[in-house]
Every structure is written in structure tokens, then in C-alpha cells.
Amino acid sequence: MDREERYRLVARNTAEVVTEEELDSLLDRDPTIYIGYAPTGEMHIGHFTTIRKLADFLQAGLEVKVLIADLHAHLDDEKSPFDLLDARSAYYREAIAGMVGAAGAEPGEIEFIQGREIELSAEYSLDLLRMAADTTIARTRRAGSEVVRQSENPTLGGLLYPLLQSLDVAALEADIAYGGIDQRGIYMLSREVLPEHGYNAPVCLFAPLLSGLTGGKMSASEAGSGIDLTDDSEAVEEKIAGAYCPQGEVTNNGVLEYLQYLIFPILEERGEPFAISRPEEYGGDVTYEDYAALEADFRTEELHPQDLKAAAATYIDEAIAPIRNRFADRPDLLAEAYPEKYD
RNA sequence: CCGCGCUUAGCUCAGCCUGGCAGAGCAGCCGACUGUAGAUCGGCUUGUCCCCCGUUCAAAUCGGGGAGUGCGGACCA
């Protein structure tokens with residue numbers, strides 16, 4: 001694979017690359033890219049779109065590491081009780097492996113690392129304290145404002161969070177930090193502070209955050225705002241049917257975004273088109289080879305939201321089915337990770 | 001250790017002084033209108049009033065005890 005194609009694969013469907021020049025020069029070799037997930041709430045389709053890109057990274061020859069940031073999950077306002085960190089970590093691993101597989105890649109090619117494996121060494125602790133000494137509270141609050149739960153009386157844990165995440169980059173020896181664009185503040189801090197402590201500033205790659213199905217940003221706390229990986233076919237249909245989706249409007253349109261960032265890349269991997277069945281009255285069946293063509297038809301109102309939704313629901317349901325099935329075989333993983341819900 | 005504040009619907013809170021059917025806004029749900037959704041209009045739902053004991057015909061409200069949470073003071077070898 002030539003270098004240009006590798007760059008295209010790595011950078012496609014991202015919200016921002018910091019910086020493009022730095023990323024390009026990294027492709028002299030096979031760099032290491034990492035993404036961290038704090039095992040808190042159940043995983044959803046938003047996670048799936050960021051994880052799907054891991055398939056792009058693998059295909060481009062990058063070394064891919066996934067950090068299960070268990071301590072982060074507890075440091076951030078105790079989103080996960082300490083006693084549930086192991087169970088939720090196990091659940092996250094299984095879900096992530098399932099998503100990588102569903103994206104058409106080999107989960108075995110991904111290296112999983114547990115936060116506590118790297119975050120409790122004497123060296124890491126010393127670096128953390130030294131960073132704490134020269135980082136202001138205002139700076140770390142700003143860095144974590146989009147990620148760490150905000151409250152009137154924040155705990156120290158939430159303030160340390162961005163510093164730990166920065167040191168994770170160093171401890172994992174990652175060249176590239178990958179994550180949702182909400183992570184931007186933290187990694188900008190990393191780029192600032194890591195070099196002051198003898199480490200390289202990471203190149204950053206940010207995935208877009210998808211719009212919620214009810215309009216506005218997707219919110220994990222709002223049911224119906226996003227598709228859960230454990231949603232059954234009926235729930236997927238209902239949520240897509242109820243989605244905010246103005247005719248001809250492509251901005252803030254969760255349905256289109258799911259297709260662009262998740263469904264079309266998966267179909268492309270398989271070499272299949274996106275097929276919409278439609279009453280003759282409205283133009284009859286139609287298929288799209290790429291997302292741009294579909295978006296163009298939607299924009300010109302050639303393609304009506306109702307026809308789009310029906311097809312989108314089918315494809316999305318099919319995409320999450322493998323993950324759903326994985327957990328149907330392992331109900332214990334969910335039950336132990338979220339005992340209050342699955343009792 | 002001492003003092004003060006707070007705890008009421010999914011969320012933000014009012015009500016407490018002066019006891020009398022538990023409320024508002026937002027959210028949510030259901031209809032109407034749209035070949036989807038939203039917007040708009042119409043309608044509807046939602047409660048361990050933190051817990052226990054007491055006073056009272058009657059307690060979210062008053063008294064006592066407790067819990068959780070937050071703030072302040074003191075202590076600072």
C-alpha cells in the first residue's frame with residue numbers, strides 16, 4: 001500500500017488531525033496509535049464509529065493499542081464504583097473486540113492494556129506528581145472540561161484525570177493519540193506538557209462526535225438519543241423512526257452520520273452497496289455505491305427521510321447484531337458490570 | 001471537634017416562617033398536522049417530600065433523634 005493511501009485511510013472520516021504534517025512524517029515507519037476508553041456506562045453506536053476506524057489503522061499498517069482506562073472511570077466523579085471496575089473492564093474488552101470484528105478487522109491484532117498495568121509504576125507516579133506541581137488548576141480544568149463531569153465542587157480526581165491521560169500516551173509509547181473530538185482539550189494539554197517532562201508530544205487524531213437522534217448532541221443519559229449495542233431490532237427501528245431528520249438537511253442529522261461514519265465504511269470493506277427499497281410512487285428502489293452519492297440525493301430531496309430511515313434501520317441493526325449476539329452468549333458480562341440494571 | 005446550609009417529579013427548583021387535597025418550568029408520553037422526525041397546536045403522566053420517633057383532628061411544613069452532602073471555624077504536634 002502506498003503512503004498516500006495509508007494517509008488517506010488513517011485520516012479519513014476524522015474531525016481533525018493535529019498536525020497533518022506530523023502525521024505524514026510518522027508514516028515513514030509504522031507508528032503506534034492508541035485510544036483509551038474509561039469503562040463507565042454501556043457502550044453505544046457512538047463508540048462503534050470511533051472503533052470502526054481501528055480497522056482503517058490496522059489496514060494502514062499501524063500498531064493499535066486500546067487502553068481500558070479503569071482508574072479514569074473511577075477518578076471521574078466515581079462514574080464507576082471502584083468494585084465494578086474489573087467487571088466493566090471485561091465488558092468493554094468484549095464489546096470492543098466485537099466491534100472491531102464487526103468492522104471486518106481481526107480483534108487479535110489489537111493490543112489491550114489495562115490502565116492499572118501502567119499507571120501505578122513508581123516512574124509514572126513520580127511523573128504525575130511532578131506534572132501536578134507545574135500545572136495550574138485552571139489549566140487542567142480547561143483541558144478536561146469536555147470530558148470530565150463538571151460539578152460545583154469538583155474532586156481532585158477529575159483534576160488529575162487529564163494529567164494521567166497525558167502520561168498514558170508516554171507510558172504506552174504511542175505516537176498518535178486517537179479519540180473523539182471531545183478529547184481535544186486533554187491532548188492539547190498533553191502536547192504542551194509532555195515535552196516539558198522529557199516525552200514526545202503526540203500527534204492527535206480526532207473522530208467527530210455524532211449528532212443525537214433526537215437533535216443536538218448525542219447524550220448517553222438520554223434514552224433514544226443514540227442506539228445501544230444491546231438494542232434489539234425493534235428498538236433500532238423505533239429509534240431510527242423517531243429520529244430528527246429534516247428533509248434535505250444534512251447537518252445535525254444523526255441518521256446520515258451513522259451511515260457516513262459506520263455503515264458505508266463497513267459496506268465498502270465488504271464491497272457491497274447501500275440498497276433502499278422504495279415504493280414506485282416515490283421513485284422505486286435505489287442503491288448507492290458511496291455515501292457522497294446518497295447525501296447528494298438527500299440534499300436535493302430526491303431521497304425522502306422516511307425511505308432513508310427504513311433502510312438505515314435495517315443496515316444499522318445488521319451492523320450491531322454481531323455484538324448483540326456476543327452478549328446474548330455471555331449475559332454474565334453485562335450482569336456483573338451493571339448489576340443494578342440487569343438484576 | 002464545633003457551627004451553619006442543603007436534601008421535594010427524570011432535571012432545576014418553589015412550597016416550610018403562619019400545619020389543611022404536593023406544585024411550577026423543563027424533560028417525557030399520547031394525539032392532530034406533515035409521506036419521517038422536528039417545529040407548532042391539543043391533551044396526559046410522573047413522587048419513599050432523605051429516614052425514624054413524637055405533637056396534632058390533620059405534618060413536606062412544628063419538636064426530637066439520625067443519615068447523606070456541602071461550606072465555614074477551630075486544631076495544626
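This structure is a prediction, so every number in the text was calculated from the model and none was measured. We name chains A, B, ... by the order of the sequence lines, and we start the count at 1 in each one.
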So which nucleotide does G47(B) pair with, by the Watson-Crick or G-U wobble rule with both distances under 3.5 Å? none

Should the ring pair Y161(A) and H72(A) be called parallel, tilted or perpendicular, given that the plane angle runs from 0 to 90° and is split at 30 and 60? perpendicular

Consider the side chain of K309(A), meaning its heavy atoms from C-beta on, and name the nucleotide among U36(B), G38(B), G35(B) that approaches it most closely. U36(B)

Quick one: look up who G10(B) pairs with, Watson-Crick or G-U, both distances under 3.5 Å, and put none if it's unpaired. C26(B)

Atom CD of Q247(A) to atom P of U34(B): distance rounded to whole Å? 15 Å

Rounded interatomic separation in angstrom, taking CG from N252(A) and C1' from A39(B): 14 Å

Measure from CD on E238(A) to C1' on G28(B) and round the result to the nearest Å. 15 Å

Give the rounded distance in Å between these two atoms: NE2 of H304(A) and C1' of A37(B). 10 Å

Strand partner of U69(B), provided both Watson-Crick or wobble distances fall under 3.5 Å: G5(B)

What integer number of Å spans the C1' atoms of G15(B) and C49(B)? 10 Å

Taking atom P of U36(B) as reference, at what distance in whole Å does atom OH of Y258(A) sit? 21 Å

Whole angstrom value for the distance that separates C1' of A37(B) from CD of Q306(A): 10 Å

Within the distance-only criterion (no hydrogens, no angle test), does the side chain of T14(A) pair as donor or acceptor with the backbone N or O of L205(A) below 3.5 angstrom? no

Under 6.0 Å between the ring centres of Y338(A) and Y91(A)? yes

Take the protein atom CG of D77(A) and the nucleotide atom P of G70(B), then report the distance between them rounded to whole Å. 10 Å

Under 3.5 Å on both distances, the Watson-Crick or G-U partner of C75(B): none

If the P atom of C50(B) is compared with that of C16(B), how far apart are they to the nearest Å? 15 Å

Using the C1' atom as the reference point in each nucleotide, state the distance between C41(B) and C33(B) in Å, no decimals. 9 Å

Separation of the C1' atoms in U8(B) and G54(B), to the nearest angstrom: 22 Å

Quote, to the nearest angstrom, the C1' distance that separates G19(B) from A58(B). 8 Å

Watson-Crick or G-U wobble mate for C17(B), both contacts under 3.5 Å: none

Suppose we define a pair by two distances each less than 3.5 Å, Watson-Crick or G-U wobble; what does C41(B) pair with here? G31(B)

Taking the basic N atoms (NZ, or NE/NH1/NH2) and the acidic carboxylate oxygens, is any pair closer than 4.0 Å for R191(A) and E22(A)? yes

Between D290(A) (side chain) and A293(A) (backbone), is there a donor-acceptor pair under 3.5 Å? yes

I'd like the C1' distance from A9(B) over to A60(B), given in whole Å. 14 Å

Considering only atom C1', compute the distance from A59(B) to C21(B) and round it to an integer number of Å. 14 Å

Atom pair distance, as rounded to whole Å: CD in E249(A) and C1' in G38(B): 9 Å

Whole-Å P distance, G10(B) and A37(B): 28 Å

Does either side chain, that of R6(A) or that of Q59(A), offer a donor lying less than 3.5 Å from an acceptor on the other one? no

